*Asks:* 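Shown below is the structure under consideration.
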Amino acid sequence: MYGKAFAPEYQGSLTTLSVNASLVEVLAAGTEQLRAAERGGSPGEAARAGLAVAEAHRRLGQVGEADREWKASYRAARAAGDLGAMAWALWSGGTLARQRGALALAWRLLGLAADLGERGGDIVVRGYSLAGMAETGRIQGDYDAVGTLHEQLLAEARKRGEARHTVWALEGIAQMHRNTGSYDSAYAMFEEAAEIAAKAEDRRGHAWALRGMADIVSVRDGNVERALELLSEAELTCREMNLVSALAYNHKMRGNVLYRAGRYEAARAMYQQALDEFREMSEPRGEGLARLGLIKSLARLGRDRAETADDLSELAGVLERIGLRHARRMVYRAREEFGLTEVLEVAL
């Protein structure tokens, strides 16, 4: 039995904030409490208010501000001697590093956060930090290394009845199933995640689950209109909560659905929109995936083969430098799709 979803990153005087509070609201409330804590000389409260501010900036795609605020939160937590608050700040910094494509840094910061959380007796930040490490490995495509960790965290979340963390774990495992071709298993897990999120009033988790379901409905069933309906439902939540990263990934997935349906001009426009959104928030993984979709759409619309080959080679190099092995394999499949594999072998 799962309780109502909550946001453990909203701490101190901000615990009354709902997990579904808009990020603009979180930023305003967090900034107000942060300034009050600073004026009152309370580093512990400043650390916890600063965490919410950092997370709001990160989720709004304001990476420079997020980077400044998580570091300030860590310094305040250290001044207060609060290991748990230090761990949460490092978790925020590690999550930001992953979002920016600095995967080695993300792994290091999240590992430090998990260690501090364990030493400080904060099992929630320990779990979130381990989850962050698992997600970092997953987006790199290293499923063998992090698959077991995903399963372990899912079991722990189910045991504690933590809806939000259960939803995250289900979605992560579902994505690995989807990427390895186990579509039925993936859909069942995305569907379960959507049901748990809806009952727990976790609108963010619900939106991500709908996106996953739309992907499966499109690739497995070829049901374009149902997939677009699911994405439209998720988009409404993203807009209402100012989830700019989730919205950009939603638009990228809409491009995928349209591309599979042979609607290449519509797919091109959607990939371009997503690419612009990812660039604005400095999110290289999303940018790379949107670029891949855009390159493929332009190729289908008659672009010169040599230009397509050059773009795919350059993109493969970018993804290799970031460490996104699964995404790089997607570039190889795009080469095969357009009969460009010989050029790829030379480039490799």
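Numbers here are sequence positions counted from 1. Here the structure is a predicted model, which means the values were calculated and not measured.
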*Asks:* Would you call D202-K4 a salt bridge at under 4.0 Å N-O?
*Replies:* no

*Asks:* Using only heavy-atom distances, determine whether the side chains of R158 and T166 contain a donor-acceptor pair under 3.5 Å.
*Replies:* no

*Asks:* How long is the span from the CD atom in E235 to the CG atom in L228, to the nearest 0.5 Å?
*Replies:* 11.0 Å

*Asks:* Taking a hydrophobic cluster as the set of Ile, Leu, Val, Met, Phe, Trp and Tyr residues connected by side-chain heavy atoms closer than 4.5 Å, whether directly or through intermediates, do V63 and L105 fall within one such cluster?
*Replies:* yes

*Asks:* Side chains of E283 and S245: is there a donor and an acceptor less than 3.5 Å apart?
*Replies:*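 Yes - a donor-acceptor pair under 3.5 Å links their side chains.
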
*Asks:* Tell me the closest heavy-atom pair linking L292 and A334, and the distance in Å.
*Replies:*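 In terms of heavy atoms, the two residues are closest at CD1-CB, 3.9 Å.
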
*Asks:* Would the distance check show the side chain of S218 and the main-chain N or O of A214 forming a donor-acceptor pair, the cut-off being under 3.5 Å?
*Replies:*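 No.
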
*Asks:* Is any NZ, NE, NH1 or NH2 atom of the basic residue among E156 and K159 found under 4.0 Å from an Asp or Glu carboxylate oxygen of the other?
*Replies:* no

*Asks:* Between D67 and K71, does any side-chain N to carboxylate O distance fall below 4.0 Å?
*Replies:*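 Salt bridge: yes.
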
*Asks:* Which is it for R48 and E45 under the salt bridge (charged side-chain N to carboxylate O under 4.0 Å, His left out) test, yes or no, and what are the steps along the way?
*Replies:* CA-CA 5 Å; R48 296 184 181 278; E45 180 59 29; over 6 Å; no

*Asks:* For G117, does its backbone N or O pair with a side-chain atom of D122 as donor and acceptor, under 3.5 Å?
*Replies:*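 It does not hold such a pair.
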
*Asks:* Should R303 and D311 be marked as a salt bridge (charged side-chain N to carboxylate O under 4.0 Å, His left out) after you check the CA-CA gap, both sets of side-chain angles, and the distance that decides it?
*Replies:* CA-CA 11 Å; R303 190 168 184 235; D311 280 353; 2.6 Å; yes

*Asks:* Give a yes or no on whether the backbone of Q11 and the side-chain of T15 come within a donor-acceptor separation of less than 3.5 Å.
*Replies:*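 Looks like no, no N/O pair under 3.5 Å.
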
*Asks:* Closer than 4.0 angstrom, basic N to acidic O: yes or no for E9 and R164?
*Replies:*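 A salt bridge is present here (some side-chain N lies under 4.0 Å from a carboxylate O).
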
*Asks:* Between S182 and R178, is there a donor-acceptor pair closer than 3.5 Å when you use the side chain of the first and the backbone of the second?
*Replies:*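 Checked: no pair found.
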
*Asks:* Please determine if K252 and E277 form a salt bridge, counting it only when a charged side-chain N lies under 4.0 Å from a carboxylate O.
*Replies:*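 Between E277 and K252 there is no salt bridge, as every charged N stays at least 4.0 Å from the carboxylate O atoms.
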
*Asks:* Run the salt bridge (charged side-chain N to carboxylate O under 4.0 Å, His left out) test on D215 and R254 for me, step by step, so that the C-alpha distance in whole Å, both residues' side-chain angles and the decisive distance to 0.1 Å come before the verdict.
*Replies:* CA-CA 9 Å; D215 186 25; R254 186 176 288 269; over 6 Å; no

*Asks:* Are T95 and L109 close enough that some pair of their side-chain heavy atoms sits under 4.5 Å apart?
*Replies:*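 No; the side chains remain at least 4.5 Å from each other.
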
*Asks:* Taking all atoms of both residues into account, what is the closest heavy-atom pair of I322 and L103, and its distance?
*Replies:* O-CD1, 3.3 Å

*Asks:* Could you tell me whether the side chain of R204 and the main chain of C238 form a donor-acceptor pair under 3.5 Å?
*Replies:* no

*Asks:* Where does the angle between the aromatic ring planes of W91 and W88 fall among parallel (under 30°), tilted (30 to 60°) and perpendicular (over 60°)?
*Replies:*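 Geometry flag for W88 against W91: perpendicular rings.
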
*Asks:* Kindly say whether D142 contributes a backbone atom to a donor-acceptor pair with the side chain of R325 at under 3.5 angstrom?
*Replies:* no

*Asks:* What do the steps show when you test R59 against V244 for side chain to side chain contact (heavy atoms under 4.5 Å, CB included), and what is the final call?
*Replies:* CA-CA 7 Å; R59 291 166 178 165; V244 294; over 6 Å; no

*Asks:* Within 45° of the axis and under 6.0 Å from the centre of the six-membered ring of Y187, does NZ or CZ of R220 qualify?
*Replies:*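 Yes, a cation-pi geometry.
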
*Asks:* Under 4.5 Å between side-chain heavy atoms, hopping through other hydrophobics if needed: is there a path connecting M213 to V219?
*Replies:* yes

*Asks:* Just by distance, no angles: are the side chains of E65 and H57 close enough, under 3.5 Å, to form a donor-acceptor pair?
*Replies:*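 Their side chains do not contain a donor-acceptor pair, so the 3.5 Å distance test is not met.
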
*Asks:* Please name the pair of heavy atoms, one in L231 and one in M253, separated by the smallest distance, quoted to 0.1 Å.
*Replies:*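 Smallest heavy-atom distance, with atoms named: CD2-CG, 3.9 Å.
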
*Asks:* Salt bridge or not between R333 and E337? Use side-chain N to carboxylate O under 4.0 Å.
*Replies:* no

*Asks:* For R108, look at atom CZ and say whether over 12 heavy atoms of other residues, nucleotides or ligands are found less than 6.0 Å away.
*Replies:*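 Count not over threshold, so no.
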
*Asks:* Is atom CD of E229 surrounded by more than 12 heavy atoms (other residues, nucleotides or ligands) closer than 6.0 Å?
*Replies:* yes

*Asks:* Looking at every non-hydrogen atom in both residues, tell me the closest pair between V53 and G30 and how far apart they are.
*Replies:*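 Heavy-atom minimum between the residues: CG2-C, 3.3 Å.
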
*Asks:* Tell me if a side-chain donor or acceptor on S22 pairs with a main-chain N or O of E25 at a distance below 3.5 Å.
*Replies:* yes

*Asks:* For residues 212-271, which residue pairs pass the ring pair (Phe, Tyr, Trp, His ring centres under 6.0 Å) check, not counting sequence neighbours?
*Replies:*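 Pairs touching residues 212-271 that pass the test: W208-Y249, Y249-F278, Y259-Y264.
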
*Asks:* Looking at every heavy atom in both A52 and Y10, which two are closest together, and how far apart are they?
*Replies:*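 Looking at all heavy atoms of both residues, the shortest contact is CB-CD2, 4.0 Å.
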
*Asks:* Given 3.5 Å as the limit, does a donor-acceptor pair link the side chain of S73 with the main chain of E69, or not?
*Replies:* no

*Asks:* May I ask you to decide if A309's main-chain N or O and R335's side chain share a donor-acceptor pair within less than 3.5 Å?
*Replies:*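 Checking the backbone N and O of A309 against the side chain of R335, a donor-acceptor pair under 3.5 Å is found.
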
*Asks:* Tell me if the centroids of the rings in Y183 and H177 come within less than 6.0 Å of each other.
*Replies:*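 Ring centroids of Y183 and H177 are no less than 6.0 Å from each other.
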
*Asks:* Main chain of A198, side chain of E201: is a donor-acceptor contact present, judged purely on distance under 3.5 Å?
*Replies:* no

*Asks:* Please tell me whether R138 and Q175 have a donor and an acceptor in their side chains that are separated by less than 3.5 angstrom.
*Replies:* no

